[in-house]
There are 2 protein chains.
Amino acid sequence: MKFNIKDVAKKAGVSISTVSRVINESKVVRQETQEKVLKAIEELGYKPNAIARSLKIKNTKTIGIMIPDISNQFYPEVVRGVEDIANMYNYNIFLCNTDLDEEKEMKYFDVLAEKQVDGVILMGNIVSEELYTKIMFYNIPIILIGTDYENLPSVTIDNTKAAKSIVSYLIKKEHNRIGMITGKNYDPVVGVARLNGYKEALKENEMLFETELVVEGGYRFKSGYEGAKKLLSLSDRPTAIFVANDEMAIGAMRAALELNVKIPDELAIVGFDNIDMSEKFYPALTTVAQPMYEMGAIGMRVLTKILNEEAIETHKIVLNYSLLERESS
Amino acid sequence: MKFNIKDVAKKAGVSISTVSRVINESKVVRQETQEKVLKAIEELGYKPNAIARSLKIKNTKTIGIMIPDISNQFYPEVVRGVEDIANMYNYNIFLCNTDLDEEKEMKYFDVLAEKQVDGVILMGNIVSEELYTKIMFYNIPIILIGTDYENLPSVTIDNTKAAKSIVSYLIKKEHNRIGMITGKNYDPVVGVARLNGYKEALKENEMLFETELVVEGGYRFKSGYEGAKKLLSLSDRPTAIFVANDEMAIGAMRAALELNVKIPDELAIVGFDNIDMSEKFYPALTTVAQPMYEMGAIGMRVLTKILNEEAIETHKIVLNYSLLERESS
DNA sequence: TTGTAGGCGTTATCAT
DNA sequence: ATGATAACGCCTACAA
């Protein structure tokens with residue numbers, strides 16, 4: 001039930017090179033012959049073996065995408081962007097969940113290399129030195145999305161500026177005690193950057209940075225929930241909280257709602273990312289939107305360019321964020 | 001910078017067959033030789049080419065997974081289950097978003113076949129006859145998750161029974177006007193099944209099925225929102241609504257909240273699936289939990305068994321659902 | 001325009 | 001225990 005190029009050749013009464021030519025749409029083959037071959041292909045239900053092809057031509061039309069966890073709301077959207085563009089250029093994608101675990105990252109990278117992927121897309125908060133060494137060694141085209149490292153190509157947004165702008169927005173709305181629930185403080189490009197944006201906004205408006213107003217979170221719902229409970233138990237409560245990502249922000253809203261604190265009247269809450277859920281929650285969350293789908297799509301697009309060795313303007317792409325004012329502020 | 005088995009052989013001063021043996025952990029090679037080879041591999045940073053290997057041994061240790069849309073909340077969780085088990089058995093997965101589009105499904109299936117995947121996992125509401133023919137023709141091991149068709153292996157839950165049980169729960173709570181927002185009515189295994197469960201529960205309790213109480217939805221937030229608005233505008237409102245999936249249920253809750261209808265006091269809402277968001281929403285949604293992660297994990301596990309030609313008890317696996325009573329009812 | 005033959009990097013059979 | 005060699009299915013000079 002599985003035929004190869006030889007079978008087609010025999011059936012069509014031509015050589016295998018001719019069959020190969022029609023498969024690859026070489027212009028040189030005569031119309032008649034082409035039709036004969038096409039007919040044979042059709043009749044046998046023949047499909048070329050991409051593995052054999054890859055071995056010969058040394059590319060596989062597949063790329064690997066390493067992300068922390070597909071079941072974390074942030075990633076599906078960017079993966080979708082990647083996949084759409086990949087599909088458009090006839091690439092398939094290997095999905096790898098790393099859980100931010102360095103060992104898993106290393107292992108997956110090895111496997112992807114062995115499977116001869118043409119390139120890889122990497123997400124996660126930091127790239128370890130080990131991984132970087134490996135990347136350099138194998139010399140596989142790579143692009144980072146949502147993070148940045150050394151001279152590797154990347155697509156990101158300016159997290160500091162974005163954070164600063166949403167905190168400034170809060171200040172403009174007359175809030176003068178603004179709390180923050182941060183991300184991970186060992187993570188420079190997201191966690192620290194957003195915290196810095198918060199600090200900068202305060203400074204620019206001559207407001208004091210008070211340590212009791214900032215609590216470290218961990219990006220997940222629970223830490224937002226707990227962070228908010230902590231901030232709301234302060235004797236001198238904040239009137240607004242900037243939460244470093246939407247999932248935590250939703251946790252924070254939940255905490256406030258449970259305590260019967262009115263949003264936004266008694267407490268404004270703003271998030272970061274614009275995950276799907278943020279607009280569906282009630283009240284809908286004011287947030288800084290990262291263009292997640294676009295980050296994926298553009299990342300993949302750039303990767304195809306790199307793979308085709310097309311000229312590329314810059315290897316560090318910084319996309320625009322946007323402020324989405326909704327009901328929570 | 002890229003070496004092959006020949007380079008290793010030369011460097012170690014042995015033949016390529018020996019190198020191949022140590023790579024594949026053949027027992028016959030002498031300790032000393034093995035060490036020599038391992039050293040050469042190490043020094044060169046050699047990684048075997050999986051493509052060449054696959055061509056020879058006729059398996060690729062990769063499987064394809066076709067789902068409607070990874071950015072739809074339901075799928076990431078099952079994909080994660082699939083990937084975890086796949087990883088455990090050293091498989092990689094090609095992720096394919098079909099958008100429930102038959103053409104895309106056909107195209108992806110062809111590509112997966114050409115890339116010689118060892119098996120495929122298929123999700124989506126129906127499998128078209130065309131696709132089925134193709135599956136049979138290529139004879140690629142396949143397993144359906146969350147849907148079912150002919151004699152193909154599948155892992156599902158009993159949607160009718162689950163729907164019936166949650167509606168019965170509502171009835172037990174003294175609701176006697178229960179509305180429903182359905183899924184797609186052309187989709188037998190999910191849409192129709194859940195509607196049937198609703199009908200059965202009514203019947204069993206000698207309640208009338210009233211057409212004005214059921215509105216057709218489409219699984220997405222917006223249709224739940226609109227469906228609820230419609231039901232709430234009835235002169236004789238339902239006191240409870242069974243919504244065919246969580247995303248719509250959340251839309252329905254949003255509609256009620258906006259209209260200042262108290263949940264659950266004036267209106268109980270229950271959903272289906274138990275997506276991540278359902279417990280984070282306020283009020284948290286009462287729902288029938290599909291074991292999404294397990295469906296993925298078990299599906300993949302069964303697939304590995306099929307691939308290893310291990311005996312398999314049954315090809316139609318029906319998992320248990322569970323009722324999660326939360327705040328919305 | 002078409003065919004012949006070598007090779008892509010492995011594995012596996014058969015000798016040695 | 002090790003080595004030579006023929007596949008695996010395809011592409012691509014080169015020859016005809």
Side-chain angles (χ1 to χ4, degrees), chain A residues 1-38 40-41 44-62 90 110-118 138, chain B residues 1-41 44-62 90 110-111 113-118 138:
Chain A
M1 194 57 109
K2 262 213 162 155
F3 302 103
N4 60 25
I5 200 171
K6 225 168 167 176
D7 301 317
V8 177
K10 197 182 301 167
K11 174 134 197 164
V14 299
S15 75
I16 61 172
S17 17
T18 301
V19 177
S20 175
R21 286 192 190 95
V22 349
I23 291 169
N24 295 295
E25 299 176 319
S26 156
K27 290 281 147 200
V28 300
V29 27
R30 195 150 39 104
Q31 180 94 24
E32 279 180 76
T33 342
Q34 164 153 323
E35 279 162 15
K36 267 197 307 194
V37 173
L38 254 18
I41 289 177
L44 293 179
Y46 164 77
K47 291 285 168 205
N49 181 325
I51 295 293
R53 177 164 212 277
S54 291
L55 179 59
K56 180 67 189 174
I57 68 178
K58 292 175 173 328
N59 73 36
T60 53
K61 283 288 180 183
T62 102
N90 295 307
D110 278 344
V111 173
L112 291 175
E114 289 181 15
K115 292 205 170 162
Q116 315 295 123
V117 296
D118 296 339
Y138 287 141
Chain B
M1 196 55 112
K2 262 209 163 160
F3 302 102
N4 61 22
I5 200 170
K6 226 167 166 176
D7 300 317
V8 177
K10 198 183 300 167
K11 173 131 195 167
V14 299
S15 74
I16 60 170
S17 346
T18 302
V19 176
S20 176
R21 285 192 190 96
V22 348
I23 292 169
N24 295 296
E25 298 175 322
S26 155
K27 289 282 147 200
V28 301
V29 27
R30 195 150 40 103
Q31 180 94 23
E32 278 180 78
T33 349
Q34 164 152 323
E35 278 161 15
K36 264 196 311 194
V37 172
L38 253 19
K39 187 154 153 272
I41 288 177
L44 293 179
Y46 164 76
K47 292 283 169 208
N49 181 324
I51 295 292
R53 177 165 211 277
S54 291
L55 178 59
K56 181 66 188 170
I57 68 179
K58 292 174 174 328
N59 74 37
T60 53
K61 284 286 180 184
T62 102
N90 296 307
D110 278 343
V111 173
E114 289 181 15
K115 293 206 169 161
Q116 313 295 122
V117 295
D118 296 340
Y138 287 141

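Every chain is numbered from 1 and lettered A, B, ... according to where its sequence line falls, protein lines coming before strand lines. Every heavy atom of this structure was used, including side-chain atoms; hydrogens, water molecules and symmetry mates were not.
- If you walk DNA chain C from 5' to 3' and mark each nucleotide with an atom closer than 4.0 Å to a heavy atom of chain A, the marks span C:dT1 to C:dG9.
- Side chains of A:Pro48 and A:Arg53 form no contact here, defined as non-hydrogen atoms less than 4.5 Å apart.
- Minimum heavy-atom separation, B:Val29 to B:Ser26: CG1-O, 3.5 Å.
- Among residues two or more places apart in sequence or in another chain, the salt bridge (Lys or Arg N to Asp or Glu O under 4.0 Å) test is passed with B:Lys61 by none.
- Heavy atoms only, all atoms of each residue included: B:Val19 and B:Val14 are closest at CG2-CG2, 3.8 Å.
- Residues forming a side-chain contact (heavy atoms from CB on, under 4.5 Å) with B:Lys6 (at least two apart in sequence, or on another chain): B:Asn4, B:Ile16.
- The side-chain contact (heavy atoms from CB on, under 4.5 Å) test applied to B:Ser17 returns B:Ser15, B:Arg21, not counting sequence neighbours.
- Although no hydrogens or angles enter the test, the distance criterion places a donor-acceptor pair under 3.5 Å between the side chain of A:Asn24 and the main chain of A:Ser20.
- A:Glu25 pairs by the salt bridge (Lys or Arg N to Asp or Glu O under 4.0 Å) definition with nothing, not counting sequence neighbours.
- Counting any heavy atom pair closer than 4.0 Å across all strands shown, B:Ser54 reaches no nucleic acid atom.
- Among residues two or more places apart in sequence or in another chain, the salt bridge (Lys or Arg N to Asp or Glu O under 4.0 Å) test is passed with A:Asp110 by A:Lys134, B:Lys47.
- Checking B:Ile57 against B:Gln34, the closest nucleotide of DNA chain D that is more toward the 5' end is the one next to B:Gln34.
- Residues meeting the salt bridge (Lys or Arg N to Asp or Glu O under 4.0 Å) test with A:Lys11, sequence neighbours left out: A:Glu43.
- Proximity of residues 23-32 of chain B to DNA chain D (heavy atom under 4.0 angstrom from any strand atom) is restricted to B:Val28, B:Val29, B:Arg30.
- With axes fitted over five pairs at each extremity, the angle between the ends of the helix from C:dT1-D:dA16 to C:dT16-D:dA1 is 40° (10° resolution).
- Taken residue by residue, residues 12-22 of chain A places heavy atoms nearer than 4.0 Å to DNA chain C at A:Val14, A:Ser15, A:Ser17, A:Thr18, A:Arg21.
- In this structure, CD in B:Gln31 is found 13.0 Å from NZ in B:Lys36, a value given to the nearest 0.5 Å.
- No contact: B:Lys6 has no heavy atom under 4.0 Å from any strand.
- In this structure, B:Leu55 reaches the bases: a heavy-atom distance under 4.0 Å links it to at least one base atom across the strands shown.
- To the nearest 0.5 Å, atom CG of residue B:Leu55 and atom NZ of residue A:Lys56 are 12.5 Å apart.
- Under the side-chain contact (heavy atoms from CB on, under 4.5 Å) criterion, A:Thr60 pairs with A:Ser54, A:Thr62, A:Gln116, A:Asp118, B:Ile51, not counting sequence neighbours.
- Taken to the nearest 0.5 Å, the CG atom of A:Leu44 stands 14.0 Å off from the NZ atom of A:Lys2.
- Nearest heavy-atom pair, B:Tyr46 versus B:Asn49, reported as atom, atom and distance to 0.1 Å: OH-N, 4.5 Å.
- Of all nucleotides in DNA chain D having an atom under 4.0 Å from a heavy atom of chain B, the first and last in 5' to 3' order are D:dA1 to D:dG9.
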